[in-house]
2 protein chains.
Amino acid sequence: MEQYVEALKKQKIRITPQRLAVLRVLWNNHRHFSTEEVYGEVKKDFPAISLATVYTILDLLKQKGLIRELRIKSDKTLFEARVDMHHHFLCRDCGTLFDIDMKPCAALEAMAVDGNVIEEAHGYFYGVCKKCK
Amino acid sequence: MEQYVEALKKQKIRITPQRLAVLRVLWNNHRHFSTEEVYGEVKKDFPAISLATVYTILDLLKQKGLIRELRIKSDKTLFEARVDMHHHFLCRDCGTLFDIDMKPCAALEAMAVDGNVIEEAHGYFYGVCKKCK
DNA sequence: TAGATTATAATAATCATTATTATTTAGAAG
DNA sequence: CTTCTAAATAATAATGATTATTATAATCTA
């Protein structure tokens, strides 16, 4: 519990039960959550929470760099606990969403060499995973 | 004009004036278009076209590989004529959206070596472009 | 050229997300 | 420990992109 409080304090975010609950859901489950799914999880311990609040909190945590947002699926935004630069692969057969570790990236380096500042990089790969193939 | 007809025929798509018009907008302008923008352009030559039809046509052309869809902005889907694998960079200052040519990608190759089939790869880079820096 | 199939236009419906606002709460100061 | 003010939450309405529906119109095959 203390780790969540510490994390929020470090970012100068007010401590509220709702924020701690949302952070706990993401940090305790290394999956990718839609806002609705986070809402569903948080409701178990916190039945009175509002969906709008979950939206607000997720956006705040994202701004502060405590969680990361991805949009590999067209319909809804997903969130995850991993905030280091990495990519994602979505299997069109089984629908599984895999994390992919970052590797040296020529396109990224070329951009930097050319004088641009890259603050974020999201690689979205689509195809068929080895299990489904 | 003939090139659009040929392209549709090759994909076994029925030839309609609306489809030709949409394809022409994207193939004649090497920019990134939202659906609304395509709608706006097509209306100039084709005032009676319906927005819903533009949505349907863009989805069809995407399915058939004649255009490409990107979702680097959170609010709306964009479309472009380039269908070869390449990436995008969005400057958070000026809002310009740049194409980035594909380079040898270690993460991509590692996925393939591991037995997965990569059919599509979208790299979205965010930051500050050299002009704005 | 006719006729079955498919596409379009118009519009309603959906649904994720955002805005609004009254109420409640966190946390600083005394 | 209480008071107070700024900020957060809950409830709900509004927005806006996208999708569904359906009657009409157009394509293209035979």
Side-chain angles (χ1 to χ4, degrees), chain A residues 1-2 4-25 32-64 66-67 69-79, chain B residues 1-2 4-25 32-64 66-67 69-79:
Chain A
M1 192 51 149
E2 199 50 35
Y4 309 119
V5 174
E6 286 309 313
L8 294 183
K9 277 188 178 169
K10 185 174 286 183
Q11 299 300 324
K12 302 198 200 308
I13 302 174
R14 276 202 181 182
I15 315 299
T16 70
Q18 292 89 339
R19 287 172 177 171
L20 292 173
V22 167
L23 199 53
R24 186 169 55 221
V25 165
H32 309 90
F33 285 88
S34 68
T35 305
E36 280 281 357
E37 286 169 339
V38 172
Y39 178 59
E41 286 300 312
V42 173
K43 264 173 92 92
K44 291 177 184 170
D45 291 327
F46 214 110
I49 199 170
S50 163
L51 176 59
T53 300
V54 176
Y55 269 99
T56 306
I57 292 177
L58 287 171
D59 187 61
L60 174 71
L61 298 179
K62 178 189 69 176
Q63 305 287 356
K64 298 297 185 177
L66 295 175
I67 63 175
E69 175 188 319
L70 51 153
R71 280 197 313 274
I72 191 167
K73 296 189 180 183
S74 55
D75 48 346
K76 49 185 74 169
T77 299
L78 300 179
F79 294 90
Chain B
M1 191 53 151
E2 198 50 38
Y4 310 118
V5 174
E6 286 309 313
L8 295 183
K9 277 187 179 169
K10 185 175 286 182
Q11 299 299 325
K12 301 197 199 309
I13 302 173
R14 275 200 182 184
I15 316 298
T16 70
Q18 291 89 338
R19 288 173 176 170
L20 292 173
V22 167
L23 199 53
R24 187 170 55 220
V25 166
H32 309 91
F33 285 87
S34 68
T35 306
E36 280 282 355
E37 286 170 338
V38 173
Y39 177 59
E41 285 300 311
V42 172
K43 264 173 93 89
K44 291 178 184 170
D45 290 328
F46 214 111
I49 199 169
S50 164
L51 177 59
T53 300
V54 176
Y55 270 99
T56 306
I57 292 176
L58 287 171
D59 187 62
L60 174 70
L61 298 179
K62 179 189 69 178
Q63 306 287 357
K64 298 295 186 178
L66 295 175
I67 63 175
E69 176 189 317
L70 52 153
R71 280 197 312 274
I72 191 169
K73 297 189 179 181
S74 54
D75 49 344
K76 48 186 74 168
T77 299
L78 301 178
F79 294 91

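Throughout, a chain's letter reflects where its sequence line sits, starting with A, and its residues are numbered from 1.
The nearest whole Å value for the distance from the CD1 atom in Ile49(A) to the P atom in dA8(D) is 14 Å. If you take CZ of Phe46(B) and C1' of dA9(C), they are 11 Å apart, rounded to a whole angstrom. Atom CG of Asp75(B) is separated from atom P of dA17(D) by 8 Å (rounded to the nearest Å). Rounded to whole Å, the distance from CZ on Phe79(B) to C1' on dT18(D) is 11 Å. Atom pair Glu37(B):CD and dA17(D):P shows a separation of 11 Å (rounding to whole Å applied). Here dT8(C) presents its C1' atom at 14 Å from CG of Leu20(B), a figure rounded to the nearest Å. For the pair Leu61(B) CG and dA7(C) C1', the computed distance is 13 Å after rounding to whole Å. Remark: P of dA19(C) and CG of Leu51(A) are 15 Å apart, rounded to the nearest angstrom.
Within 4.0 Å (heavy atoms only), Thr77(B) reaches sugar-phosphate atoms of the nucleic acid but no base atom. Nucleic acid contact for Pro17(A): sugar-phosphate only, since backbone atoms but no base atoms lie under 4.0 Å from a heavy atom of the residue. Residue contacts for Thr53(B): at a heavy-atom cut-off of 4.0 Å it reaches a base atom on one of the strands shown.
The side chain of Thr35(B) has dT18(D) as its nearest neighbour among dT17(C), dT18(D), dT5(C). Distance from the side chain of Tyr55(A) is smallest for dT18(C) among the nucleotides dT9(D), dT18(C), dA17(D). Checked against dG27(C), dA9(C), dT6(C), the side chain of Arg14(B) finds its nearest nucleotide in dT6(C). For Thr16(A), counting side-chain heavy atoms from C-beta on, the closest listed nucleotide (dT8(C), dT9(D), dA7(D)) is dT9(D).
Across the interface with DNA chain C, nearest-nucleotide mapping of Val54(B) and Ile13(A) shows Val54(B) to be the residue nearer the 5′ end. Taking the nucleotide of DNA chain D with the nearest heavy atom to each of Ala52(A) and Lys76(B), the more 5' of the two is matched to Ala52(A).
Leu23(B) and Ala7(B) get closest at one heavy-atom pair: CD2-CB, 4.4 Å.
In this structure, the side chain of Arg71(B) engages the main chain of Arg71(A) through a donor-acceptor pair within 3.5 Å.
For the pair Val42(B) and Arg24(B), the minimum side-chain heavy-atom distance is 4.5 Å or more. Side-chain contact between Glu41(A) and Val38(A) is absent, with no heavy atoms from C-beta onward closer than 4.5 Å.
Between Gln18(A) and dA10(D), a side-chain N or O to OP1/OP2 separation shorter than 4.0 Å is present.
One finds the CZ atom of Arg14(A) at 12.5 Å from the CG atom of Leu60(A) (value rounded to the nearest 0.5 Å).
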